[in-house]
Number of protein chains: 4
Amino acid sequence: MATRKVRTSPRKRPTQDRSKQTVDTIVEATARVLVSEGYERATTNRVAEVAGVSVGSLYQYFPSKESLVAAVVDRHSDHMMCVFREAIAGAATLPLREGARVVITAMVDGHDVEPELHRVCAEQIPRVGRLGRLLEDLDTHASPSLVAYLQSRAHELVVKDIELATFVLVHSVETVLHRVLSTRRVVPRDVLIDELTALCLRYLTATAPDEPARAQRTVRS
Amino acid sequence: MATRKVRTSPRKRPTQDRSKQTVDTIVEATARVLVSEGYERATTNRVAEVAGVSVGSLYQYFPSKESLVAAVVDRHSDHMMCVFREAIAGAATLPLREGARVVITAMVDGHDVEPELHRVCAEQIPRVGRLGRLLEDLDTHASPSLVAYLQSRAHELVVKDIELATFVLVHSVETVLHRVLSTRRVVPRDVLIDELTALCLRYLTATAPDEPARAQRTVRS
Amino acid sequence: MATRKVRTSPRKRPTQDRSKQTVDTIVEATARVLVSEGYERATTNRVAEVAGVSVGSLYQYFPSKESLVAAVVDRHSDHMMCVFREAIAGAATLPLREGARVVITAMVDGHDVEPELHRVCAEQIPRVGRLGRLLEDLDTHASPSLVAYLQSRAHELVVKDIELATFVLVHSVETVLHRVLSTRRVVPRDVLIDELTALCLRYLTATAPDEPARAQRTVRS
Amino acid sequence: MATRKVRTSPRKRPTQDRSKQTVDTIVEATARVLVSEGYERATTNRVAEVAGVSVGSLYQYFPSKESLVAAVVDRHSDHMMCVFREAIAGAATLPLREGARVVITAMVDGHDVEPELHRVCAEQIPRVGRLGRLLEDLDTHASPSLVAYLQSRAHELVVKDIELATFVLVHSVETVLHRVLSTRRVVPRDVLIDELTALCLRYLTATAPDEPARAQRTVRS
DNA sequence: GATGAATGAGCGTTCATTCAT
DNA sequence: CATGAATGAACGCTCATTCAT
C-alpha cells in the first residue's frame, strides 16, 4: 500500500509551561472536533478555531494533521493503558478468579470514560501508521503485565501458551466491550462483567467435558 | 456527530449484460485500488482508470464514492457471510465439539480469501453508515443461525443467555483472527483453530474450578 | 465576449410525419423540463427521458442543447407573435382608442397562455444568439405591422417618429406585463389594460399641459 | 421550479485592509470575466486567475460562484440606485416637467457607466434568487422616493394610482433604455431623453383627446 | 433509424499547509 | 513567536455529446 511520508512526531518538546498548556489545548480541541465532526470532516482550521489559536500556531506544535490525530489517539490510549495497568498491578496478588474480575471491571470502566471519543478512534480513524496505536498498545503495554500475572498464576491454568492466551483474551474482551458500546446494545454492567469474567476463567482454567486433558497438565497433576 | 447525506444505493439496476459486466469491473477495480492505495488515497478517477472505463460510466452506476466503497464492502461481507452460513448449515447435526471446530475453521478460511482487502475494509474504511456492514453482518446474518444451532445443542451448554454468548464468541473469534492477520503474527493455522475452538467450547460448556454451578445445570445433573 | 460555435438550427427538415411528431414531442418535453427544472438544471438526458426517446434520437433532430432551447423559445415567440399580429390585423380599421385597447388586450392575454414557460424564457435563458428571439421578435415581427397601423392613424398622433414611438411602447407594455407576472403583483386584468391603454394613448395623442406644441402639429392644426 | 440551496452571503466580513482590498479585486475580476467570457463560461478559477489570487482565497470570501456573481450584481445595482436616488433627491422641489427630465437623464447616464456589464447582468445572469436584484431594486429602492416625489406633485397628475404609475414608468423607461443599448440602436441621447420625458409627462399629466376625464380631476378643476 | 452505455473535459469546491506581516 | 490570509493541488462529480450495437 502506498504511504506518504509525513511528520507525525510533535515538532518541539514544549519545555515552557505555556507551550505545554497550548499543546494540551490543541489536543483537547482536536478530540472535541473529532467527536463533533467525525474524522473525515475534521479540519485543522476548525481545530485551531476551537482551540482558540491560529492555524499557524497549531503547525508550530504539530507538523501535520496526522500528528494531531495521533496525539489524540496516543492520549486516549495512554489513558486506557494506565487504567488497565493499575488494575493489573492491583490484581497482582489476587487469585485468578478475583484478578480476572478486577481487570475486566477496569476494562469496562475504561470504555465508559470517553465513549464517543473511543468510538471515533476505533471506528473512523484509519488504523494506519501511528494512528493504529489504540489496539497495538493492548499488545505492547497491557499484555506484558497480564502475561506476567498469568504466569504467576500458572498453576491455575490449563492453557499452554500464556502469551497466545493473553492475546486472545485481551482482544476478545476489548472487542466485545467495544461492540456493546458501538451498537448501543443494552447489557447491564454486571452481566457484562460476569459474562466476560466467565469467558476468561473458563478459557484459562476449565476443561470442556470431552476435551482431552493436556499433556503437561496431566504430567503435573 | 455531523453526517452529510450522500446517495449510497446503486443508481441503476444494470439490465443489459454489458452493463452488468461494467458494474462488476468497477467494483473489482475499486477493491484493487483500495488495496493498493488505501482508502483515503483512493479516488474515483483512479478507480475508473483501473477499471478501464470513464468516470462518467462509473457515476452511471454508482452515485458517489461512498456507494462505490459500500459495494466493495457489501460484496466482501456477502462472501464471508456465505462461507460462514454454509459452515453453520453443515454443522447443524454435529455435536458441539465438532460443530464449533467446523465453524471456526470456516472463519479462519474466510479470513484468508482476500486478506488484504479484508484489512482495508476492517482498518481503513470508516465504519459509518453503510460502510460498517462488515461487523454488523456478523450480528444480523451469521449470529441468528449460530444461535439456532446452539439452541439445538442447549443440553451441552452452561451459558444462560445463548444470544449474548453468541455475540461474545462471534466477535471474539472474528477479532482474534483479524488481529493475527493484521499484525502478521505467526500462528500456525491449526494452533489458531485449536485455541479458538477451546475458547468457544470451554466458555459454552465448561465450568471453572471454583465457579458456582448454575442453577439449571445443577438441577439437570 | 467569447462565443463558441454550436449548431443551433435543426439538423434535418422532418419530412415524414413521424419525424415531425417526434420533433414536437421533444420540443414539448424541453419546455416541460425548462419549467420544472429551470434552465441551468435542465439536461438533455432528462429531456429525452421526458420525451420518451433516447438521447441519441434527440441528437438526430437537434444538434445541441442550445438548438433545443432555441426551438422552445422560437415556438413560444411564434405563438405570441401570432396572437399579436392577429390582434393588430383585427385592429386595422379601428380608431386608435379602440385599436390600442385591442392590441394591449391581446398582449395581456398572450402573457397568460404559458406564464411559467414565459418566465423561464424571459428570466433564465440567456438572451444570447438565437436564444434572444423573444424580445427581438417584438421588433422584427410585431413592430412593423404596428408601425403600419399607426401610420394609418397618423392624423391622430402627436409623436413625430412613429418607429421610435412603437419601439418605446411595445417594450414598455411588454415589460410591464412581464414584471407584473414575474413579481406576482396583484393587478386586476382590466386595471392593467386600462392603465397600459392610457399610457399608449396619452403618449401617442396627448400633449402635456405645458408641453410646447410640435412644429408639424402646429402647422397642421 | 427546483432550486438548490447555496450560500450566497459573503463568508466573512473582511476586517483588515488587505482582505478588503482582496475582496474588491475579486469582485472587479468577476465583473471583467463576466463581460469577457459571458456568464455561462465564467469560472471561479478564471476569476481567481484574473484577480491574481488563488481559488482558495476567493472561497475565503465568497462561499460559492453564485455569491460571487451576486456581489457583482449588487455592486452594479447599488451604483445605479445611487445615481437614481441622487437625481430624485435633486428633483424634489422641481416641477414635474423638469423633475422628470432630471430623473430620466440620470437613468440614461446610469446606463452608460458600465454598459457591457449591464448587458451581462440584464441578459445573461438568470434572474433567480439574489441574482435578480437589478430589477427588484428598481421597485424596492428607486420607486419609493419617486412615489413620494410624485405625491408631492399630485396636483399636476391625472393618474389615480401613483404607485402603479410609478411601477409602469420606471420599468418602461428602464426597459427602453436597456433595449436601445442592447440592440445597439442609434438614438441620439437628447432624442431619447425627450422621448422618454414625453412618455412620462403625457402619461402622468395629459388626457387623450377623447379620454373621459377622471372623476377626481373633474372635481378639482 | 434508434438506442443508451460510454465518454471525458472541465466544473465548483475543499483543506492541509505555508509564509508575509 | 503568533497570526490568519493566501495557496493550489487535487478531489468528487456533471452532463453535453458520441458511437458501437
Side-chain angles (χ1 to χ4, degrees), chain A residues 6-7 12 16 18-19 22 40-49 53-68, chain B residues 6-7 12 14-16 18-19 21-23 40-49 52-66 68, chain C residues 6-7 12 16 18-19 22 40-49 53-68, chain D residues 6-7 12 14-16 18-19 21-23 40-49 52-66 68:
Chain A
V6 275
R7 288 165 142 283
K12 59 168 77 167
Q16 302 175 7
R18 197 155 76 93
S19 300
T22 305
E40 297 219 87
R41 298 176 73 82
T43 71
T44 53
N45 280 282
R46 182 89 185 95
V47 168
E49 192 185 312
V53 302
S54 64
V55 234
S57 293
L58 187 155
Y59 273 87
Q60 291 275 340
Y61 298 104
F62 298 91
S64 69
K65 182 187 178 181
E66 194 178 340
S67 71
L68 210 48
Chain B
V6 275
R7 286 171 144 281
K12 60 166 77 166
T15 49
Q16 301 187 2
R18 185 150 75 114
S19 307
Q21 175 60 40
T22 304
V23 167
E40 297 219 87
R41 298 176 69 82
T43 73
T44 52
N45 279 283
R46 181 88 186 100
V47 167
E49 194 183 308
V53 302
S54 62
V55 231
S57 290
L58 186 155
Y59 275 92
Q60 294 251 345
Y61 300 105
F62 299 91
S64 67
K65 182 188 177 179
E66 192 176 343
L68 209 50
Chain C
V6 274
R7 287 166 142 281
K12 59 168 79 166
Q16 300 176 6
R18 195 154 78 94
S19 300
T22 305
E40 297 219 88
R41 298 177 71 82
T43 71
T44 52
N45 280 282
R46 181 90 185 97
V47 167
E49 191 184 311
V53 303
S54 63
V55 233
S57 292
L58 186 155
Y59 273 86
Q60 291 275 339
Y61 298 106
F62 298 91
S64 68
K65 182 186 179 182
E66 195 177 340
S67 72
L68 211 49
Chain D
V6 274
R7 284 172 146 281
K12 62 167 76 165
T15 50
Q16 302 186 2
R18 185 149 75 113
S19 307
Q21 175 60 39
T22 304
V23 166
E40 297 219 85
R41 297 175 70 83
T43 73
T44 52
N45 279 282
R46 181 87 186 100
V47 168
E49 194 183 307
V53 303
S54 62
V55 232
S57 290
L58 188 156
Y59 274 92
Q60 295 251 345
Y61 300 106
F62 299 92
S64 68
K65 181 187 177 181
E66 192 177 343
L68 209 50

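Naming convention: chains lettered A, B, ... in sequence-line order (proteins, then strands); numbering from 1 in each chain.
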Exercise for the section: Taking the side chain as every heavy atom from C-beta outward, state whether Tyr61(A) and Leu68(A) have any atom pair closer than 4.5 Å. Expected result: no
Handout entry: Rounded distance (Å) that lies between atom P of dT21(E) and atom CD of Gln21(D)
Key = 14 Å
Completion exercise
Walking DNA chain E from its 5' end, the first of Ala42(A) and Lys65(D) to be reached, judged by nearest nucleotide, is Lys65(D)
Practice task
Let me see the working for Arg46(B) and Arg41(B) under side chain to side chain contact (heavy atoms under 4.5 Å, CB included), right down to the final yes or no.
Solution key: CA-CA 9 Å; Arg46(B) 181 88 186 100; Arg41(B) 298 176 69 82; over 6 Å; no
Handout entry: Among dG4(F), dC13(F), dA6(E), the one nearest Ser64(B) by side-chain distance
Key = dC13(F)
Exercise for the section: Answer with base, sugar-phosphate or nothing: what part of the nucleic acid does Thr43(C) contact at a heavy-atom distance below 4.0 Å? Expected result: sugar-phosphate
Exercise for the section: Let me know the distance between CZ of Arg41(D) and P of dG12(E), rounded to the nearest Å. Expected result: 12 Å
Practice task
To the nearest Å, give me how far apart CD (Glu66(D)) and C1' (dC11(E)) are.
Solution key: 16 Å
Completion exercise
Residue pair Asn45(D)/Gly56(A) against DNA chain F: nearer the 5' end by closest nucleotide is Gly56(A)
Handout entry: Sugar-phosphate, base or nothing in reach of Thr44(A), heavy atoms under 4.0 Å
Key = base
Completion exercise
For DNA chain F, the expected dot-bracket line (Watson-Crick or G-U under 3.5 Å, [ ] crossing, | inter-strand) is .||||||||||||||||||||
Completion exercise
Sorted by position of nearest nucleotide on DNA chain F, 5' first, the leading residue of Val55(B) and Val53(D) is Val53(D)
Completion exercise
Winner on side-chain proximity to Ser57(D), out of dT7(F), dT18(F), dC13(F), is dT7(F)
Problem - Under-4.0 Å side-chain N/O to phosphate OP1/OP2 contact, Ser54(A) with dT3(F) - result: yes
Practice task
Work out which heavy atom in Val53(B) is nearest to a heavy atom in Leu58(B); give both atom names and the distance.
Solution key: CG2-N, 4.5 Å
Completion exercise
Tightest non-hydrogen contact, residues Lys65(B) and Glu40(B), listed as NZ-O, 4.4 Å
Practice task
Could you tell me the separation between the CD atom of Gln60(B) and the P atom of dT17(F), rounded to a whole number of Å?
Solution key: 16 Å
Practice task
For side chain to side chain contact (heavy atoms under 4.5 Å, CB included), just list the numbers for Thr44(A) and Tyr59(A), CA-CA rounded to whole Å, side-chain angles, deciding distance to a tenth of an Å, and then say yes or no.
Solution key: CA-CA 9 Å; Thr44(A) 53; Tyr59(A) 273 87; 3.7 Å; yes
Completion exercise
Sequence neighbours excluded, the answer for side-chain contact (heavy atoms from CB on, under 4.5 Å) partners of Ser54(A) is Ser57(A)
Problem - d(CD, Glu49(C); P, dA5(E)) in whole Å - result: 12 Å
Exercise for the section: Measure from OH on Tyr59(D) to P on dA6(F) and round the result to the nearest Å. Expected result: 16 Å
Completion exercise
Tyr61(A) OH to dA16(E) C1', in whole Å, measures 20 Å
Problem - Nucleotide dC11(F), atom P - distance to CD of Glu40(A) in whole Å - result: 14 Å
